[in-house]
Visitor: 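Here it is: the structure, laid out below.
Each ligand, and each atom within it, is numbered from 1 in the order the structure gives. Because the structure is a prediction, the values reported are computed rather than measured. Numbering starts at 1 and runs along the sequence shown.
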Amino acid sequence: WDMFVLAFVERLFRPTYRKDDFVLGKKLGEGSFGVVYRVSLAKKPGSKESDLVLKKASEYGAVEIWMNERVRRACASSCADFVYGFLENSSRKKGEYWLIWRFEGEATLADLMLSKDFPYNVEAMILGEVQDLPKGLERENKIIQTVLRQLLFALDGLHSTGIVHRDIKPQNIIFSEGSRTFKIIDLGAAADLRVGINYIPKEFLLDPRYAAPEQYIMSTQTPSAPSAPVATALSPVLWQMNLPDRFDIYSAGLIFLQMAFPSLRTDSSLIQFNRQLKRCGYDLAEWRKTVEPRAGSELRRGFELLDLDGGIGWELLTSMVRYKARQRTSAKAALAHPYFDREGLLALSFMQ
Ligand code: ADP
Ligand code: MG
């Protein structure tokens with residue numbers, strides 16, 4: 001009830017918007033459940049608050065609004081700044097949900113990873129001016145570490161709130177120019193297990209490029225999300241039993257892999273990797289054994305990066321990409337992994 005009243009009061013004092021307040025700009029994306037535009041506020045063109053993003057969503061938009069409202073109250077820094085969501089009923093169509101966020105920046109991690117210069121292009125964005133340091137594995141590793149840490153930090157926020165994203169991929173990670181950090185976007189497929197809001201329409205397919213091998217985040221013993229009052233009592237138990245957050249960890253592990261291996265960054269090479277990994281029983285060590293002997297220089301370089309400092313990068317990667325969800329590390333545990341411990345040491349070695 002407290003939360004309900006708080007949400008209500010907060011809503012009273014927040015600006016509300018209607019369809020006519022927005023001027024549509026460039027189209028940023030189009031998925032099967034909605035279209036995304038950059039928009040500005042009609043009343044205050046040019047003002048800073050007017051740089052916004054609008055998603056016109058189908059009936060599933062209701063769930064996405066719920067998730068964004070919850071994130072804003074519980075773990076705001078994890079995701080793009082949500083401004084407002086409402087049901088737009090004036091169109092001839094049945095009604096669309098309109099969702100508004102602050103425009104965080106031009107580039108997703110997918111855009112940045114497409115550049116030949118990755119991860120150096122990201123270093124400049126995170127740190128601002130970059131000194132003229134020699135390019136090399138250690139420096140690349142440090143940048144990749146920073147990106148992965150920011151992603152895990154955002155995921156830890158979501159998971160601690162009880163939300164599983166289920167569609168973690170570079171296309172859904174935006175670089176926020178304001179905070180100079182990566183944030184998560186697109187909560188359209190997310191599940192909130194604490195209150196039982198867990199909606200995947202039957203026709204919805206998880207992105208097969210980044211999905212963990214388990215098809216459903218809850219075991220088949222829980223065929224559908226329980227209704228709200230039951231779920232409130234049960235879900236912490238269900239969470240413990242099924243560890244649904246580990247679905248996102250697998251996806252994050254694949255992103256780590258793609259950052260380390262430039263040759264795995266295209267869709268086709270990732271799909272091929274998935275096939276190889278499946279053939280190896282989802283055992284990364286086994287995969288390494290089969291590809292390393294005949295690996296080209298790019299692939300070898302990736303292993304070299306992960307093998308730095310006694311192989312702690314490889315160790316973390318293999319603890320994220322595992323067949324069994326319960327054997328995967330959590331976001332919180334991953335953040336405490338020694339892979340992230342050497343910030344200071346590395347900074348020192350750069351200065352020498
Ligand atoms: P969908 O994948 O369902 O089309 P997304 O929520 O992923 O919708 O948004 C589509 C694209 O719009 C993203 O890949 C990103 O390029 C852009 N985008 C979404 N939200 C923001 C935001 N807050 N700031 C800047 N760009 C955004
Ligand atoms: Mg998306």
Side-chain angles (χ1 to χ4, degrees), residues 17 22-41 48-72 75-86 96-115 118 121-122 125 147 150-151 154-155 157-158 163-191 199-201 203-211 247-248 251-252 254-255 258 265 267 270:
Y17 298 104
F22 303 103
V23 181
L24 254 57
K26 188 183 159 213
K27 191 194 276 190
L28 297 175
E30 179 157 17
S32 26
F33 301 109
V35 192
V36 179
Y37 301 90
R38 190 163 176 176
V39 298
S40 53
L41 276 178
K48 198 152 186 279
E49 301 83 27
S50 74
D51 205 0
L52 303 168
V53 168
L54 160 70
K55 183 185 265 190
K56 296 183 182 180
S58 66
E59 65 265 36
Y60 308 122
V63 177
E64 200 173 343
I65 291 175
W66 160 275
M67 295 296 166
N68 277 281
E69 292 277 357
R70 195 152 152 61
V71 162
R72 203 200 21 216
C75 54
S77 65
S78 287
C79 296
D81 250 6
F82 185 61
V83 176
Y84 191 60
F86 59 99
E96 295 170 319
Y97 287 93
W98 284 34
L99 292 86
I100 313 288
W101 295 266
R102 214 164 296 285
F103 180 81
E104 295 280 357
E106 302 278 351
T108 65
L109 183 57
D111 301 324
L112 294 164
M113 273 170 47
L114 274 178
S115 161
F118 184 87
N121 56 342
V122 169
M125 297 171 81
V147 178
Q150 292 181 354
L151 172 58
L155 273 180
L158 282 183
I163 294 173
V164 190
H165 186 281
R166 297 197 287 203
D167 200 14
I168 292 296
K169 55 185 175 185
Q171 292 79 0
N172 285 338
I173 299 167
I174 190 101
F175 186 76
S176 168
E177 288 166 9
S179 63
R180 294 194 177 214
T181 57
F182 285 94
K183 294 180 173 183
I184 293 169
I185 56 171
D186 202 353
L187 295 162
Y199 194 70
I200 291 197
E203 67 269 32
F204 184 89
L205 284 172
L206 299 166
D207 192 317
R209 293 168 301 174
Y210 293 92
F247 191 89
D248 291 343
S251 311
L254 290 192
I255 296 172
Q258 287 189 300
R265 286 180 200 157
D267 277 354
L270 182 59

Visitor: Are the side chains of Tyr37 and Val53 in touch, meaning some heavy atoms are under 4.5 Å apart?
Guide: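 Side chain of Tyr37 against side chain of Val53, heavy atoms only: no contact under 4.5 Å found.
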
Visitor: Starting from atom 6 (O) of ligand 1, find the nearest protein heavy-atom neighbour and note its residue, name and distance.
Guide: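 Scanning the protein heavy atoms, the shortest distance from atom 6 (O) of ligand 1 goes to Lys55 NZ, 3.1 Å.
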
Visitor: If the cut-off is 4.0 Å to any non-hydrogen atom of Thr108, which atoms of ligand 1 fall inside it?
Guide: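 So the atoms of ligand 1 that pass are 14 (O), 15 (C), 16 (O).
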
Visitor: Going by heavy atoms in the side chains, are Lys183 and Ile173 under 4.5 Å from each other?
Guide: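 They are not in contact (no side-chain heavy atoms under 4.5 Å apart), so the answer is no.
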
Visitor: Identify, by atom number and element, the atoms of ligand 1 in contact range of Phe103, meaning under 4.0 Å from any of its heavy atoms.
Guide: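 In order of numbering, the contacting atoms are 24 (N), 25 (C).
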
Visitor: Within 45° of the six-membered ring axis of Phe103 and under 6.0 Å from that ring's centre, is NZ or CZ of Arg38 located there?
Guide: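 Judged by the rule, Arg38 and Phe103 form a cation-pi pair.
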
Visitor: Starting from atom 10 (C) of ligand 1, find the nearest protein heavy-atom neighbour and note its residue, name and distance.
Guide: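 Minimum-distance protein heavy atom for atom 10 (C) of ligand 1 reads Val36 CG2, 3.8 Å.
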
Visitor: Flag the pair Leu52 / Val83 as yes when at least one side-chain heavy-atom distance between them is below 4.5 Å, and no otherwise.
Guide: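 When only atoms from C-beta onward are counted, Val83 and Leu52 do touch, with a gap below 4.5 Å.
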
Visitor: Could you check Lys27 against Glu30 for salt bridge (Lys or Arg N to Asp or Glu O under 4.0 Å), going step by step and ending with a plain yes or no?
Guide: CA-CA 8 Å; Lys27 191 194 276 190; Glu30 179 157 17; 2.8 Å; yes

Visitor: I'd like to check Leu99 versus Leu54 (side-chain heavy atoms, cut-off strictly below 4.5 Å). Are they in contact?
Guide: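 A side-chain contact is absent here, since even the closest heavy-atom pair is not under 4.5 Å.
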
Visitor: Does the pair Arg209/Asp267 count as a salt bridge with the N-to-O cut at 4.0 Å?
Guide: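 Answer for the salt bridge query: yes.
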
Visitor: Distance under 4.0 Å to a non-hydrogen atom of Gly105: what atoms of ligand 1 satisfy this?
Guide: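 Listed by number with element, the hits are 25 (C), 26 (N).
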
Visitor: Give me the residue, atom name and distance of the protein heavy atom closest to atom 26 (N) of ligand 1.
Guide: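 Sorting protein heavy atoms by distance from atom 26 (N) of ligand 1 puts Ile174 CD1, 3.4 Å first.
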
Visitor: Can you name the atoms of ligand 1, numbered from 1 with element, that are less than 4.0 Å from a heavy atom of Gly31?
Guide: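 Those of ligand 1 that fall under 4.0 Å from Gly31 are 4 (O).
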
Visitor: Heavy atom under 4.0 Å from ligand 1: found in Asp81's side chain, backbone, both, or neither?
Guide: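 Neither part.
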
Visitor: Tell me: protein heavy atom nearest atom 11 (C) of ligand 1, and distance?
Guide: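 For this ligand atom, the closest protein heavy atom is Leu28 O, 3.9 Å.
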
Visitor: Would you say that Ile255 contacts Tyr210 through its side chain, given a criterion of any heavy-atom pair below 4.5 Å between the two side chains?
Guide: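 Yes, their side chains come closer than 4.5 Å.
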
Visitor: Which atoms of ligand 1 are found less than 4.0 Å from any heavy atom of Arg102?
Guide: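 Those qualifying, in numeric order: 22 (C), 23 (N), 24 (N).
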
Visitor: Are any of the side-chain heavy atoms of Arg180 and Phe175 separated by less than 4.5 Å?
Guide: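 Yes; the side chains approach each other to less than 4.5 Å.
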
Visitor: Please name the residue in the list Arg70, Lys55, Lys56 that meets the salt bridge (charged side-chain N to carboxylate O under 4.0 Å, His left out) test with Glu64.
Guide: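 Of all the options given, the one that passes is Lys55.
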
Visitor: Would you mind running through ligand 1 and noting each atom that sits below 4.0 Å from a heavy atom of Gln171?
Guide: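 This gives 14 (O) as the contact atoms.
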
Visitor: Please state which protein non-hydrogen atom is closest to atom 20 (N) of ligand 1 and give its distance, to 0.1 Å?
Guide: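 Atom 20 (N) of ligand 1 sits closest to the protein heavy atom Val53 CG1, 3.8 Å.
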
Visitor: With 2.8 Å as the limit, jot down which protein N, O or S atoms are around the Mg ion (ligand 2).
Guide: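 Correct list: Asn172 OD1, Asp186 OD2.
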
Visitor: Are any of the N/O atoms in Asp186 less than 3.5 Å from those in ligand 1?
Guide: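 There is such a contact, yes.
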
Visitor: Test of understanding: given a 4.0 Å heavy-atom threshold, classify the contact between Val35 and ligand 1 as side chain, backbone, both, or neither.
Guide: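 Val35 to ligand 1: no contact under 4.0 Å from either part.
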
Visitor: List the steps and the verdict of side-chain contact (heavy atoms from CB on, under 4.5 Å) for Val122 and Val147.
Guide: CA-CA 8 Å; Val122 169; Val147 178; 3.7 Å; yes

Visitor: Do any nitrogen or oxygen atoms of Glu104 lie less than 3.5 angstrom from nitrogen or oxygen atoms of ligand 1?
Guide: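 Looking only at distances, the answer is yes, because the N/O contact criterion of under 3.5 Å is met.
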
Visitor: Determine whether Tyr17 and Phe22 satisfy the following criterion, ring pair (Phe, Tyr, Trp, His ring centres under 6.0 Å), listing intermediate values before the conclusion.
Guide: CA-CA 8 Å; Tyr17 298 104; Phe22 303 103; 5.6 Å; yes

Visitor: Considering only heavy atoms from C-beta outward, does the side chain of Val36 approach that of Trp101 to under 4.5 Å?
Guide: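 Counting from C-beta outward, Val36 and Trp101 never come under 4.5 Å.
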
Visitor: Can you check whether Phe247 reaches Asp167 side chain to side chain, under 4.5 Å on heavy atoms?
Guide: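 When only atoms from C-beta onward are counted, Asp167 and Phe247 do not touch, as no gap falls below 4.5 Å.
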
Visitor: Please list, in number order, the atoms of ligand 1 under 4.0 Å from a heavy atom of Trp101.
Guide: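 Every atom of ligand 1 under 4.0 Å from some heavy atom of Trp101: 23 (N).
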
Visitor: Which ligand 1 atoms, with their elements, are less than 4.0 angstrom from a heavy-atom of Ile185?
Guide: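 Ligand 1 atoms under the 4.0 Å threshold to Ile185: 7 (O), 13 (C), 15 (C), 19 (C).
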
